[in-house]
Amino acid sequence: MHWLLGREKKEEEARFGIGLGLSSESLPQVAATMFSCVGCFWVLLSSALVAVCSFSFISPAWIVKDQLRGGHQHQHHGSKDSVSFGLLWHCSESLDHMYRCYTFGGLGKFAEIPSSSWQTSAVLCSGGCALLAVSSLLAIITIFLPGGGCERRICTLAGYMQMASVFIMATGLLVYPFGLNSSLVRSFCGDADIYYAGECQIGWGYMLAIVGVMLTVFLPFFAKYAPKEQLSPTPLPTLL
């Protein structure tokens with residue numbers, strides 16, 4: 001009985017291939033060269049997250065302070081109404097009410113970032129983002145590769161790189177608030193301390209970086225199922 005069912009299934013597959021103008025020998029080749037839906041989604045998500053992480057890490061709005069209101073607030077640095085800090089930039093409102101941004105100490109002066117915690121965070125975040133960009137490039141390459149061992153190895157390598165980038169960038173985000181007790185931040189944000197921004201608040205740049213890292217957690221999972229040919233596909237659970 002099982003033999004008859006297997007024979008009928010093979011005949012249906014052969015008729016399906018003939019109806020499409022394909023021989024039974026060419027079907028595996030076509031399946032090996034077709035784009036994987038999971039692989040395409042993995043590539044698109046990887047590229048989008050590289051853009052999100054890059055944009056958030058160069059953003060100057062990790063810690064922000066809105067314009068002061070009220071008479072008692074003007075007792076503390078009334079000329080420094082609006083200010084924001086990022087990894088490498090800080091912005092403030094000038095006397096002519098123009099919002100200008102500057103790098104810490106100028107370009108090429110990494111040592112002048114006001115906190116060693118921010119220096120460490122800048123290295124970790126930029127390194128993790130660069131690693132994510134390389135893995136995204138590998139993911140794009142896999143689209144044009146035929147299904148096989150080479151494609152699986154590249155997907156596996158890219159998945160491990162994305163997993164490492166998650167840990168590196170997450171560590172950088174956790175280290176950044178340790179720099180809130182620096183003298184520069186205190187001069188604008190009042191009684192700021194580690195993981196406490198004082199009169200300032202968390203900006204959209206830092207929140208965007210957190211969201212980007214949280215979404216990057218899913219990339220290694222998609223990398224596992226991105227290859228066009230699966231050696232041992234996981235069967236779907238049968239609900240009875």
Side-chain angles (χ1 to χ4, degrees), residues 17 20-22 25-62 86-89 103 107-108 110 120-176 204-236:
L20 294 178
L22 300 173
E25 291 79 6
S26 62
L27 286 176
Q29 297 177 359
V30 173
T33 56
M34 288 175 59
F35 289 167
S36 169
C37 294
V38 177
C40 291
F41 180 77
W42 175 51
V43 171
L44 292 176
L45 184 60
S46 299
S47 302
L49 290 178
V50 168
V52 168
C53 293
S54 301
F55 183 71
S56 62
F57 291 153
I58 65 175
S59 166
W62 283 39
L87 274 177
L88 304 174
W89 301 79
T103 57
L107 292 174
F110 181 80
T120 304
S121 179
V123 172
L124 292 174
C125 290
S126 59
C129 189
L131 192 62
L132 183 62
V134 175
S135 67
S136 178
L137 180 60
L138 292 177
I140 294 175
I141 293 175
T142 58
I143 293 182
F144 304 98
L145 292 177
C150 181
E151 182 201 22
R152 286 193 296 269
R153 284 191 292 269
I154 294 180
C155 289
T156 302
L157 176 61
Y160 281 121
M161 294 174 66
Q162 291 169 344
M163 186 182 299
S165 67
V166 169
F167 288 105
I168 294 174
M169 292 187 293
T171 304
L173 293 178
L174 292 174
V175 169
Y176 183 82
W204 61 266
Y206 190 74
M207 297 302 296
L208 183 62
I210 293 176
V211 173
V213 172
M214 291 176 63
L215 291 177
T216 308
V217 173
F218 297 98
L219 291 180
F221 173 78
F222 291 120
K224 181 180 179 181
Y225 298 96
K228 305 176 187 67
E229 290 184 348
Q230 296 291 334
L231 290 177
S232 56
T234 302
L236 296 176

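All values below were derived from every heavy atom in this structure, side-chain atoms included, with hydrogens, water molecules and symmetry-related copies excluded. Only a predicted model underlies this, so the values are computations on that prediction, with no experimental measurement involved.
- Atom-to-atom distance recorded for Cys129:SG and Ile168:CD1 is 11.0 Å, nearest 0.5 angstrom.
- Between Thr142 and Cys155 the shortest heavy-atom distance is CG2-SG, 3.8 Å.
- Rounding to the nearest 0.5 Å gives a distance of 12.5 Å between OG of Ser135 and CD1 of Ile154.
- The OG atom of Ser46 sits 11.5 Å away from atom CG of Leu215, with the distance rounded to the nearest 0.5 Å.
- The two atoms that bring Ala223 and Gly159 nearest to each other are CB-CA, 3.8 Å, heavy atoms only.
- A side chain to side chain contact (heavy atoms under 4.5 Å, CB included) with Ser165 is found for exactly one of Leu132, Val50, Leu49, namely Leu132.
- The line from CG of Leu219 to OG of Ser136 is 8.5 Å long, rounded to the nearest 0.5 Å.
- In this structure, Thr216 has no side-chain hydrogen bond (donor to acceptor under 3.5 Å, both in side chains) partners at least two apart in sequence or on a different chain.
- Ser59 places no side-chain N or O within donor-acceptor distance of the main-chain N or O of Phe55, the cut-off being under 3.5 Å.
- Aromatic ring orientation, Phe222 versus Phe41: perpendicular (interplanar angle above 60°, classes split at 30° and 60°).
- Between Leu173 and Cys125, the shortest heavy-atom contact is N-SG, 4.2 Å.
- The nearest pair of heavy atoms linking Cys53 to Ser56 is O-OG, 2.9 Å.
- The distance from atom CD1 of Ile140 to atom CG of Leu44, rounded to the nearest 0.5 Å, is 9.0 Å.
- Of the inter-residue distances, the one linking Trp42 atom CH2 with Phe221 atom CZ reads 13.5 Å to the nearest 0.5 angstrom.
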